[in-house]
Structure formats: structure tokens, C-alpha cells
Amino acid sequence: MRRALLLLAALALPIAPASAAPGDETVHVVTAGETLNGIANRAGVSSEALAKANGLKAPYVVKLGQKLTIPRAKAATARSAPTKVPTKQPDPATPAKKAAAAANSTARAAIAAARSPDQESVHVVQPGETLGSIALAAKVPRVLIAEANGLQPPYAVRLGQKLQIPRTRRHMVKAGDTGFSISYKYAVPWEEIALANGLDAAAPVKAGQSLLIPTLLDPPVAPVNAPAPAPAPASKSTRFAWPVNGPVRRGFASGANHHDGIDITAPEGTMVRAAAAGTVRFAGMEKEQFGNLVVLDHGDGWFTAYAFLSRVTVKEGATVAVGERVGLVGHTGLAKGNELHFEVRRDGKPVDPLDDLPKAP
């Protein structure tokens, strides 16, 4: 009787389609003698996944005739549709990106090319331009452009000539600022900043100070329109170049009314240039008669001195080239006006500078 009941129960169970192999079926009906592990192995899934899909708890006992869902929905979907290997498609945005980048590059170039005269740091002289018109457009004093480019009166400029435009900046000193931090920020030596502001380079800065940050430019080796230096000391009359252009107000004299140099008149602020290459032996204030003074050592016992300066622009120990700026014309010391007192000495004795200078410019 029991065997008949089992047979009837078995006949009453739904029959799985013959085409549904254990590895393909999505629902499995437990048959006699099956275990969860066995079903999972034949179905090709893990026993843990099978137990979880059917809410089974340990010890994971399955019952005869029990319907188990085989968790293979994703796998079945994947098998039903052939896997397509994605091919790299061109990014439709790429041409647009390239076009935008090219446009930006062109725009930047156009902006640079069309930079307004009051922003450019280098100006190429155009037809009809003068130093005055360039200075006006650049909004920089003419004397500063002349000084930066070694121009001398009458300050002529040439077509195509490149002129450096010295831009000035200002820095408001904040708490915690030091000479070093300010120098580091603007890449300008602190001594130059202090000089431009009339400060003692050794003194600390004070919060609230407004400092002018000078623009450093490479000094011209041979200033435009400046007297040419002597090619060799063989010609005594061309040993030195004129330090500044202008009329000689007072010449060299010996005797009771002696005058150890010459006084050359020039506008205040005119550049004073080294008459020959040398080393700076003195640069500072001489209170007795010379005012702001620079003395250069040219070797072989030759020295030149530049006095009455409004400003000294070199430091002791520095090496200067012929034509390099050493100061600006002023009226310090015993000056009778805006002029340069210029001396030449050989082995400690004054000599007439006119004997060692070219013909007066």
C-alpha cells in the first residue's frame, strides 16, 4: 500500500520538460534521494545561492516534490542574447573639443598680439613713432623708457627697434612680511627694492608701508646714442667714454684755483654711465663736497669719480661694464645746479678728463 501511495505521489508530480537539462532549468522539483548540494552541483550554481533564493535555513533539508527556484536569471539572460564585444566608438564631442581648443589658442594669440600699449612689456617701434608717443601710449614716463634702453638725447628710436617698457608695481606691507619674503614674491633683490624706496636695506619693513617694486632690466652693454668707448688704451684721447652728454660748465684747473675734474650740466635724473669697465670702490654719500658719489677702479692705477648725483644705482664691489648706469644727475654736495662732477685720477693724482675723452659730444 505504501509503495502504491509513493507511486501515485510520483505520478502526480509535474514532469520537467525533456529539453530542460539540469544546467538550464530555472525551477527544479526535488526527487527522491536528492540533497541541496546535489541539486546545486547539477544546476551549476552554489548551494549558498540556491538556499538563499529559496529561503532555506540550516540544515538546508529539502523535501520530496519541493519546487526550488534556480537562481540563474542573469545567466539565462546572458545566454539568451549573444554577447556583443563593445567596439570603441568615436567620441562625438572630440572634434568639438579640438575645435574649441584651437579657437581658444587662436584667441589667446590674438589677445597677445593685440595687447594694448599700456600693458606690453616690450614694444617694437612702428613707422612714425617717437619715444614720446610710445611713452604716452604705454603710460610710462619717457625718461624711464630711455633709461631702461640706454637711450641718450635726442632719444631717437628706429623702426623695428625693440624697447623694454619698465612696468612698476606696488606692494602694501602686511604683518609678517619681511624684506626676504617681499623679494622672493617679486623676484627682485631686496637691496633694489630698498633703493627704489629710499630705505635702509638692513632695517625691518613696517606694516602699512607702500613699496614701489622696480622692474629689473638687463643693462645695455653699449647704450644707444652713447659715445663709443675706446677699442684699446693705445689712443690716449679715447681712453674713456663720456659719462653723460651736456655742456661743460667748469673745466679742470690746477694751481690756487684748482678744480680736480669737470662739471657737466644735464637735467636732473639723466643717466650717468660708467666711462669704462671697472669695479665699484665707493658708492654712497660724501658729506663734505661731493654729495652722492661713485668711484670706479679701472685697473693700472686709473680711477674715475662721479659726484653730485641725485641717486646712486650701484653697490660697492660690483663690476660694471662701460656704459652701464651708475647713478642719476642731481645737485647734492656743492653742486651749483643739476650737474655731474666727473674726475679722472691716475696713481692717485687728478688729470684733466678732457685729455682722455673723445671729442665733446
- Is it true that Glu34 and Arg42 make a salt bridge, defined as a side-chain N closer than 4.0 Å to a carboxylate O?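 Arg42 and Glu34: salt-bridged.
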- Task: Taking ring-ring contact (aromatic ring centres under 6.0 Å, His included) as the test, write out the residues that go with His171, two or more places apart.
- Result: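 Once residues adjacent in sequence are excluded, the partners of His171 under the ring-ring contact (aromatic ring centres under 6.0 Å, His included) criterion are Tyr186.
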- For His123, ring-ring contact (aromatic ring centres under 6.0 Å, His included) partners two or more places apart: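 Here no residue qualifies.
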- Message: Which Ile, Leu, Val, Met, Phe, Trp or Tyr residues join Phe290 in one cluster when any pair of side-chain heavy atoms under 4.5 Å counts as a link?
- Response: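 Joined to Phe290, directly or through intermediates: Phe282, Leu293, Val295, Phe303.
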- Apart from Val124 itself, which Ile, Leu, Val, Met, Phe, Trp or Tyr residues share its cluster (side-chain heavy atoms under 4.5 Å, direct or through members)?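 For Val124, no cluster forms, as it stays isolated from other hydrophobic side chains.
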- Of all residues at least two apart in sequence or in a different chain, which pass the salt bridge (Lys or Arg N to Asp or Glu O under 4.0 Å) check with Arg142?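 Not a single residue meets the salt bridge (Lys or Arg N to Asp or Glu O under 4.0 Å) criterion with Arg142.
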Which pairs would a plain distance check flag for residues 262-272, meaning a side-chain donor or acceptor within less than 3.5 Å of a matching protein atom at least two apart in sequence or in another chain?
from, atom 1, to, atom 2, distance (Å)
Asp263, OD1, His341, ND1, 2.7
Asp263, OD2, Arg249, NH2, 3.2
Asp263, OD2, His259, NE2, 3.3
Thr265, OG1, Pro247, O, 3.4
Thr270, OG1, Pro267, O, 2.7

Please name all residues satisfying side-chain hydrogen bond (donor to acceptor under 3.5 Å, both in side chains) with [X], sequence neighbours left out, ordered by chain then number.
X	answer
Thr279	none
Asn338	His331
Asp297	Arg281
Ser210	Arg170

- Item | Set of side-chain contact (heavy atoms from CB on, under 4.5 Å) partners for Lys287, sequence neighbours left out |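 Per chain and number, Lys287 pairs via side-chain contact (heavy atoms from CB on, under 4.5 Å) with Met285.
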- Message: Going by side-chain contact (heavy atoms from CB on, under 4.5 Å), name the residues that satisfy it together with Asp200, two or more places apart in sequence or in a different chain.
- Response: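 Per chain and number, Asp200 pairs via side-chain contact (heavy atoms from CB on, under 4.5 Å) with Ala202, Ala203.
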- Message: A side-chain contact here means heavy atoms from C-beta on lying under 4.5 Å apart; do Ile39 and Val45 qualify?
- Response: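 Ile39 vs Val45: side chains apart.
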